[in-house]
Amino acid sequence: MTLDNLIDALTAVDSTLIVPDGFTNPHSYRGYYDEVAFEPAHDVTAGAMLADALAARGATYTGWKGGEYTMTGDTPCWLAHEGSAGGEALDEDRVRRMLASARPADAAGGAEVTILDFAEPSGCTHCGVPKADNTGEDGIPYCADCGTEGCRQWMRTDTRLTKRRMELAGINPKRRSGAGWGGVESRPF
């Protein structure tokens, strides 16, 4: 989807709608510097998303390894965190699903705010499901949100935590020995 297509899709809906899984913060996509990416955001209005898309058209962003890139109406769009080369193409189907899940603002005209209160420290911050029994039959942990081992969000978090555990234990995560998941036996974490 091009930036102009995205702007057209957002112009066609009520700007006060709250989009649960929308986007914000346009920037140069690290995968292709000359393409625009938006960061995922929760509970943003369609009007705010439109404002970000309009701000990106004609804007010049600096690529991650230098260079200046001006975004036009024909620029392809991505959904990715700033600095991440791993993102998803922002295509028509994705935007249609975003807008289909939108809800009206409350009577005061603001967004409905949900405050998550976790009784347990391992609750899913994405959906608010507290940790109940997050281990499968084989003792393999899985996401409390969707209940699967292959949840992309949970795997991303688990990978970051594993890397941090290894760094705290003095193990270089980029040079893993063949000693297994926990590094070397003399220095497990």
Side-chain angles (χ1 to χ4, degrees), residues 1-105 110-116 118 123-129 143-146 148 150-164:
M1 171 175 262
T2 67
L3 194 50
D4 278 345
N5 297 137
L6 180 61
I7 290 169
D8 291 342
L10 292 169
T11 304
V13 298
D14 180 6
S15 64
T16 62
L17 288 175
I18 306 297
V19 182
D21 293 311
F23 58 80
T24 188
N25 188 27
H27 58 278
S28 172
Y29 177 50
R30 190 165 181 178
Y32 305 101
Y33 301 160
D34 60 335
E35 297 181 2
V36 68
F38 298 91
E39 286 191 292
H42 296 293
D43 294 332
V44 295
T45 63
M49 291 169 46
L50 176 60
D52 284 334
L54 288 168
R57 186 171 52 189
T60 301
Y61 299 107
T62 303
W64 282 91
K65 292 186 180 179
E68 300 291 317
Y69 301 91
T70 301
M71 306 304 157
T72 67
D74 295 328
T75 301
C77 300
W78 292 83
L79 191 62
H81 289 282
E82 191 165 1
S84 173
E88 299 177 35
L90 202 51
D91 58 12
E92 291 177 26
D93 186 49
R94 173 100 180 174
V95 172
R96 191 176 306 120
R97 283 182 288 149
M98 279 181 181
L99 298 175
S101 66
R103 66 184 187 277
E112 297 174 15
V113 178
T114 304
I115 299 172
L116 302 177
F118 296 107
C124 184
T125 58
H126 178 67
C127 67
V129 175
C143 178
D145 179 16
C146 61
T148 64
C151 174
R152 293 177 69 195
Q153 182 172 348
W154 181 83
M155 289 174 64
R156 226 178 9 248
T157 302
D158 187 55
T159 301
R160 278 190 231 127
L161 288 173
T162 299
K163 180 181 175 189
R164 184 67 182 139

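A donor-acceptor pair is defined here as one N or O able to donate and one able to accept, closer than 3.5 Å; such a pair exists between the side chain of R30 and the backbone of G83. Checked by atom type and distance alone, the side chain of E39 pairs as donor or acceptor with a backbone atom of E82 at under 3.5 Å.
Contact record, I18 with D43: CG2-CA, 3.9 Å, taken as the closest heavy-atom pair. Between A80 and G86, the shortest heavy-atom contact is CB-O, 4.1 Å. Closest of all the heavy-atom pairs between S28 and M71 is CA-CE, 4.3 Å. The two residues T75 and D34 have their closest heavy-atom pair at CG2-O, 3.6 Å. The minimum heavy-atom distance between L99 and A9, with the atom names listed, is CD1-O, 4.0 Å. Across every non-hydrogen atom of A102 and L17, the tightest pair is CB-CB, 3.9 Å.
Under the rule for a ring-ring contact (aromatic ring centres under 6.0 Å, His included), the partners of Y69 that lie at least two apart in sequence or sit in another chain are Y33. In this view, D74 satisfies the salt bridge (charged side-chain N to carboxylate O under 4.0 Å, His left out) rule with no residue, not counting sequence neighbours.
Residues M49 and V13 fail the side-chain proximity criterion, which asks for heavy atoms closer than 4.5 Å. F38 has its side chain within reach of P26: a pair of non-hydrogen atoms, C-beta onward, lies under 4.5 Å apart.
Ion pairing of R96 with D93 is present here, as a side-chain N (NZ or NE/NH1/NH2) and a carboxylate O approach within less than 4.0 Å.
Taken from CZ in R103 to OG1 in T16, the straight-line distance is 12.0 Å, to the nearest 0.5 Å. Atom CE in M1 sits 12.5 Å away from atom CG in L79 (nearest 0.5 Å). Taking CG of L90 as the start and OG1 of T2 as the end, the distance is 10.5 Å to the nearest 0.5 Å.
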All N/O donor-acceptor pairs, side-chain side in residues 51-60, below 3.5 Å, sequence neighbours left out:
unit_1 : atom_1 : unit_2 : atom_2 : d
D52    : OD2    : T24    : OG1    : 3.0
R57    : NH1    : D4     : OD1    : 2.7
T60    : OG1    : T70    : OG1    : 2.8

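Aromatic ring orientation, Y29 versus W78: parallel (interplanar angle below 30°, classes split at 30° and 60°).
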